[in-house]
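Chain A is the first sequence line, chain B the second, and so forth, proteins listed ahead of strands; every chain is numbered from 1.
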There are 4 protein chains.
Amino acid sequence: MESLSPKKIRILVTGGTFDKEYDEITGKLFFKDTHIQEMLKLGRCGLTIDIRTLMMIDSLDMTDSDRKLILEQCQACPDEAIVITHGTDTMENTARVLGPVIQSKTVVLTGAMIPYKFGSSDGLFNLGSALAFAQALPHGVYVAMNGKFFHWSKVTKDRASGTFREV
Amino acid sequence: MESLSPKKIRILVTGGTFDKEYDEITGKLFFKDTHIQEMLKLGRCGLTIDIRTLMMIDSLDMTDSDRKLILEQCQACPDEAIVITHGTDTMENTARVLGPVIQSKTVVLTGAMIPYKFGSSDGLFNLGSALAFAQALPHGVYVAMNGKFFHWSKVTKDRASGTFREV
Amino acid sequence: MESLSPKKIRILVTGGTFDKEYDEITGKLFFKDTHIQEMLKLGRCGLTIDIRTLMMIDSLDMTDSDRKLILEQCQACPDEAIVITHGTDTMENTARVLGPVIQSKTVVLTGAMIPYKFGSSDGLFNLGSALAFAQALPHGVYVAMNGKFFHWSKVTKDRASGTFREV
Amino acid sequence: MESLSPKKIRILVTGGTFDKEYDEITGKLFFKDTHIQEMLKLGRCGLTIDIRTLMMIDSLDMTDSDRKLILEQCQACPDEAIVITHGTDTMENTARVLGPVIQSKTVVLTGAMIPYKFGSSDGLFNLGSALAFAQALPHGVYVAMNGKFFHWSKVTKDRASGTFREV
């Protein structure tokens, strides 16, 4: 069992609702810095974690070249366990870019329906579950949302309900 | 991989800091009802979960017969995945009662350092990770705290720092 | 002194940032219901209060006929103390419609820079101060923001800083 | 009207539920530092305020000599508007020490039923109302709780309901 537990976890930050904030001057939502460190602190997280911010974008704006960058970062990462924070709208698309290529690592994509800063966020719950899945699932690429994990080849977001399900 | 994912998860509630509240009339901390349902809703949890409240106590007040009840409930439970919410002070003691007996289920004990209702709680993070570990770890009894999982035979709470570590 | 304290306070709700919510399906901000009742409960408010929702709009969308409606409601209201929740962007415009007409009541406009539901809102602070000013200030029309009160004829929002100041 | 608005407000901090925190190591409530600055920042307060921490105690532990100190600080204070944060249990006792002596200042005592750090606190609402009453009420000593103000000679806390009422 102990062999399942990775020494270190890499978190790749790409933005998404997770990190959206409310600009009180303009009244608009925007991205500033990631809240991942703050969330890990709130969770009293004791894991050895290395955080890299790759981009801070809405996943609807994510391009093929952005996904290529994410893939390259997963491949270059020396750690076997990777969590990617990502907008939920195109999370499945990125998973399908990574899935066929990443074989010898456990990569878990997660996100949030409500920004972390807005009080009633699912973000902390999702981050906790994603970090756990990254430690305990076999190598492969997964989406972790709604307390569940989904294999990259079998997941879709139901846009009407805002929840993920198997396909 | 799909074989790892249990159909249903049982949550056994025993109280602990997780569920402490502040009584504004007396100025004391007390237990009323569990907040697990509210936390699962906040996490937009889509898992099929069955919650049973066994007791609502501070784990420093937990007796041998309380632990016997928890063990019996784990044994009687038809579900293969069980999460137990528990005070952190004696979580390792309960784990050591369950560990040698429970063989064909994955049981994960978790708790919180700060009450869920107090805003800055680690509870939601811990609940997310415990539910994930209960789905993805091999059969056995574990403690999930600080983003990590610990085998029941090798865990202790460091009381000075309030964090769990391997022994 | 007791003569200063009104028997009942009317709250007129017009929307504004106060009541904006985040739609987790569309990722947009929107208005649903007012949070005033919830805020009064959180503040353990014991005042006798009558809440009327006149509209739920961004104050940038407020028309002359909307302001006419607000004025008529203030005039028709039997209570001497009135609090109006309002978007901050055009709060001073509405105040200048009410100010020259309302003579024998204390009307206090207030709002928020951050939606109440977003955790770090100034809304509860502003509501507390507006209700207090409505009880304790002489008849007239005022804006209550940033802990201060401003006469309707001398107030403007500094859009760069998002704070109100005397002119 | 403008003559009512004081140039500067003094806040005297004495502790009380307002400033209680949860010690996650011991599981007990305790006092560390005051949260008044943080609350004023959250409220985007633009008033000129001078904060003095006189003591950090539960008001049940407040002695005659503590109340003498509070009185002396009110007398020595050059500002005409003073807010005192205070435990609710003996707030009326302190008010009755100050009331007969303080004539040419507006002193407002306020507190909270729930600690500010616990998320669902009435503290921000009460602080907003106390600062407003301190600006707008005639000279005298008052208690501001539940959105209301009470003259020092006519206030009591109903311990069963945790609310203040006129006597």
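- Pairs of residues two or more places apart, or lying in two chains, that qualify as side chain to side chain donor-acceptor pair (under 3.5 Å) and include a residue from residues 67-87 of chain D are D/Arg67-D/Thr90, D/Arg67-D/Thr94, D/Lys68-D/Glu72, D/Glu80-D/His139, D/His86-D/Thr94.
- Pairing each heavy atom of D/Gly147 with each of C/Cys45, the nearest pair is CA-SG, 4.5 Å.
- The distance from atom CZ of C/Phe133 to atom CD of D/Gln135, rounded to the nearest 0.5 Å, is 4.0 Å.
- Scanning both residues, C/Ser129 and D/Ala132, for their nearest heavy atoms gives O-CB, 3.5 Å.
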Under 3.5 Å, which donor-acceptor pairs do the side chains of residues 110-119 of chain C form with other protein atoms, sequence neighbours left out?
from: C/Thr110; atom 1: OG1; to: C/Ala144; atom 2: O; distance (Å): 2.7

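- Of the listed residues (C/Lys41, C/Met145, C/Lys148), the greatest number of heavy-atom pairs within a distance under 4.5 Å of chain D belongs to C/Lys148.
- Considering all non-hydrogen atoms of both residues, C/Leu42 and D/Ser120 come closest at CD1-O, 3.2 Å.
- Within residues 18-26 of chain C, no residue has a heavy atom under 4.5 Å from a heavy atom of chain D.
- If you measure heavy-atom distances from D/Leu131 to chain C, the contacts under 4.5 Å come from the side chain alone.
- Once rounded to the nearest 0.5 Å, the distance linking CZ of D/Phe125 with CG of C/Asn126 reads 11.5 Å.
- Closest non-hydrogen pair, D/Ala136 versus C/Leu137, comes out as CB-CD2, 3.7 Å.
- Contacts of D/Asp64 classified as salt bridge (Lys or Arg N to Asp or Glu O under 4.0 Å), with partners at least two apart in sequence or in another chain: none.
- Atom CE of C/Met39 sits about 13.5 Å away from atom CG of D/Asp122, to the nearest 0.5 Å.
- Scanning both residues, C/Asn146 and D/Arg44, for their nearest heavy atoms gives ND2-O, 2.8 Å.
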